[in-house]
Engineer: 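Structure in structure tokens, see below.
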Amino acid sequence: MKNILCYLLTFFLFSCEAVDWHTTLEQNDNAQQILDQLNDPELKKGKIFVLSRHKNDVAIKIRVNEEVFIIRREEIQSFELKEGNNSLFTYLVAFGDEVGNCNRESYVFNTKDFEDDETHYFILMEGPGPIFTCFRDVHVKEEAFHYKKENPRSRWKEGWIINY
């Protein structure tokens, strides 16, 4: 019996992925640069901005155009917008699997469908899932992004959401 508990404990420890303590923003130390981009009409062109509004202060992973980044609640990240298809997928890792996204697949948008938009904005939120809460990558208009950044508990206005 003593050996079984030891084996189970060892299996459990090796099954869990290491916790990411530092987010990409903390590692790159570029928070001011991102805010400068967000607030400058020229610097924000060709960017994807992501504001994390998930409930828990857990570092989560976000894959943007096949690159993985780590983001924590209340952080803003900036990514390069590609011509054509762009994708976002927010998730956690449990036992080596990507879990926790409500849609279970990346949100993909094409810049040709948004010819008037040089910048795209997303808010990462938690929504009700089948069993647990899950993450949603919500594509929003610029007005919504700035408003929710400054007023996190306020209600949504009609027409702010591009996808949900």
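All values derive from a computational prediction rather than experimental measurement.
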Engineer: Look only at the side chain of R53 and the backbone of K148, and say whether a donor-acceptor pair between them is shorter than 3.5 Å.
Structural biologist: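 Checked: pair present.
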Engineer: Give the C-alpha distance, both sets of side-chain angles, the deciding distance and a yes or no for side-chain hydrogen bond (donor to acceptor under 3.5 Å, both in side chains) between H139 and Y121.
Structural biologist: CA-CA 6 Å; H139 196 176; Y121 302 90; over 6 Å; no
Engineer: Under 3.5 Å, side chain of D40 to main-chain N/O of L43, donor-acceptor pair present?
Structural biologist: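 A pair under 3.5 Å: yes.
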Engineer: In Å and rounded to the nearest 0.5 Å, what is the OG to CD1 distance from S78 to I48?
Structural biologist: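 So the OG of S78 and the CD1 of I48 are separated by 9.0 Å.
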Engineer: Do you see a donor-acceptor pair shorter than 3.5 Å between the side chains of N101 and D137?
Structural biologist: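 On atom types as modelled, these side chains qualify, holding a pair under 3.5 Å.
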Engineer: Is there a side-chain contact between I60 and I70, using heavy atoms and a 4.5 Å cut-off?
Structural biologist: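 SC-SC contact between I60 and I70 ruled out.
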Engineer: Centre of Y147's six-membered ring, under 6.0 Å away, within 45 degrees of the axis: is that where NZ or CZ of K157 sits?
Structural biologist: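 The answer is yes, since K157 meets both limits relative to Y147.
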Engineer: Looking at every heavy atom in both V93 and K61, which two are closest together, and how far apart are they?
Structural biologist: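 That would be CG2-CD, 4.1 Å.
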Engineer: Any non-hydrogen side-chain atom of K82 less than 4.5 Å from a side-chain atom of T111?
Structural biologist: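 No, their side chains stay 4.5 Å or more apart.
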Engineer: Do the non-hydrogen side-chain atoms of K149 and L38 ever get within less than 4.5 Å of each other?
Structural biologist: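 Counting from C-beta outward, K149 and L38 do come under 4.5 Å.
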Engineer: Check whether any side-chain N or O of T119 sits under 3.5 Å from a backbone N or O of K44 as a donor-acceptor pair, and report yes or no.
Structural biologist: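 Side chain of T119 to backbone of K44: a pair is present.
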Engineer: Assess whether side-chain contact (heavy atoms from CB on, under 4.5 Å) is satisfied between N39 and H146, documenting all intermediate values.
Structural biologist: CA-CA 10 Å; N39 295 315; H146 287 286; 4.2 Å; yes
Engineer: Check D113, N110, N65 against N85 for a side chain to side chain donor-acceptor pair (under 3.5 Å) and give me the one that passes.
Structural biologist: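 Running side chain to side chain donor-acceptor pair (under 3.5 Å) over D113, N110, N65 with N85 returns exactly one hit, N110.
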Engineer: For residues I76 and F145, determine if any side-chain heavy atom of one lies less than 4.5 Å from a side-chain heavy atom of the other.
Structural biologist: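 Side chain of I76 against side chain of F145, heavy atoms only: contact under 4.5 Å found.
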Engineer: Are S52 and E75 close enough that a side-chain donor and a side-chain acceptor fall under 3.5 Å?
Structural biologist: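 No, no side-chain donor-acceptor pair sits under 3.5 Å.
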Engineer: Judged by atom type as modelled, is there a donor-acceptor pair below 3.5 Å linking the side chain of D116 to the main-chain atoms of F114?
Structural biologist: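 No: the side chain of D116 does not pair with the backbone of F114.
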Engineer: How many angstroms lie between atom CE of M125 and atom SG of C102, to the nearest 0.5 angstrom?
Structural biologist: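 So the gap between those two atoms works out to 10.0 Å.
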Engineer: Take E98 and R63 through the salt bridge (charged side-chain N to carboxylate O under 4.0 Å, His left out) test and state the conclusion after the steps.
Structural biologist: CA-CA 11 Å; E98 296 176 356; R63 186 171 44 249; 2.8 Å; yes
Engineer: Set out, in order, the CA-CA distance, both residues' side-chain angles and the distance that settles salt bridge (charged side-chain N to carboxylate O under 4.0 Å, His left out) for E115 and K112, then state yes or no.
Structural biologist: CA-CA 5 Å; E115 291 180 2; K112 292 176 186 170; over 6 Å; no
Engineer: Closest approach of Q77 and I71, non-hydrogen atoms and distance?
Structural biologist: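 Nearest pair, atom of Q77 first, then I71: CG-CD1, 3.6 Å.
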Engineer: Can you label the angle between the F135 ring and the H54 ring as parallel, tilted or perpendicular, going by 30° and 60°?
Structural biologist: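 It falls in the perpendicular class, over 60°.
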Engineer: Using side-chain heavy atoms (C-beta onward) and a distance below 4.5 Å, is L51 in contact with L124?
Structural biologist: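 Counting from C-beta outward, L51 and L124 never come under 4.5 Å.
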Engineer: Taking it one step at a time, do I162 and K141 satisfy side-chain contact (heavy atoms from CB on, under 4.5 Å)?
Structural biologist: CA-CA 7 Å; I162 296 170; K141 294 184 177 179; 4.2 Å; yes
Engineer: Would you please indicate if the ring centroids of F89 and Y91 are separated by under 6.0 Å?
Structural biologist: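 When the ring centroids of F89 and Y91 are compared, they turn out to be within the sub-6.0 Å range.
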Engineer: Report yes or no: does D97 contribute a side-chain atom to a donor-acceptor pair with the main-chain N or O of V99 at less than 3.5 Å?
Structural biologist: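 No.
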Engineer: Could you tell me whether F79 and F69 have their ring centroids closer than 6.0 angstrom?
Structural biologist: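 Here the rings of F69 and F79 have centres that are less than 6.0 Å from each other.
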Engineer: Yes or no on side-chain contact (heavy atoms from CB on, under 4.5 Å) for I62 and V68, after CA distance, side-chain angles and deciding distance?
Structural biologist: CA-CA 6 Å; I62 179 171; V68 177; over 6 Å; no
Engineer: Looking only at heavy atoms, what is the nearest atom pair of K45 and P41, with distance?
Structural biologist: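 That closest heavy-atom pairing would be CG-O, 3.5 Å.
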Engineer: Name the orientation class of the two ring planes belonging to F109 and F122 (parallel below 30°, tilted from 30 to 60°, perpendicular beyond 60°).
Structural biologist: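 Tilted: the ring planes of F109 and F122 meet at 30° to 60°.
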Engineer: Between A59 and L92, what is the shortest heavy-atom contact and its length?
Structural biologist: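 Looking at all heavy atoms of both residues, the shortest contact is O-CD2, 4.1 Å.
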Engineer: Is R136 close to N103 at the side-chain level, that is, under 4.5 Å between some pair of heavy atoms?
Structural biologist: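 Sidechains of R136 and N103: in contact.
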Engineer: Could you see if I123 belongs to whatever hydrophobic cluster contains V108? Use Ile, Leu, Val, Met, Phe, Trp, Tyr and a side-chain cutoff under 4.5 Å.
Structural biologist: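 No, because I123 and V108 fall into different hydrophobic clusters, even though each may have its own neighbours under 4.5 Å.
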Engineer: Going through the checks in order, is the side-chain contact (heavy atoms from CB on, under 4.5 Å) test met by N86 and H120?
Structural biologist: CA-CA 10 Å; N86 290 269; H120 291 267; over 6 Å; no
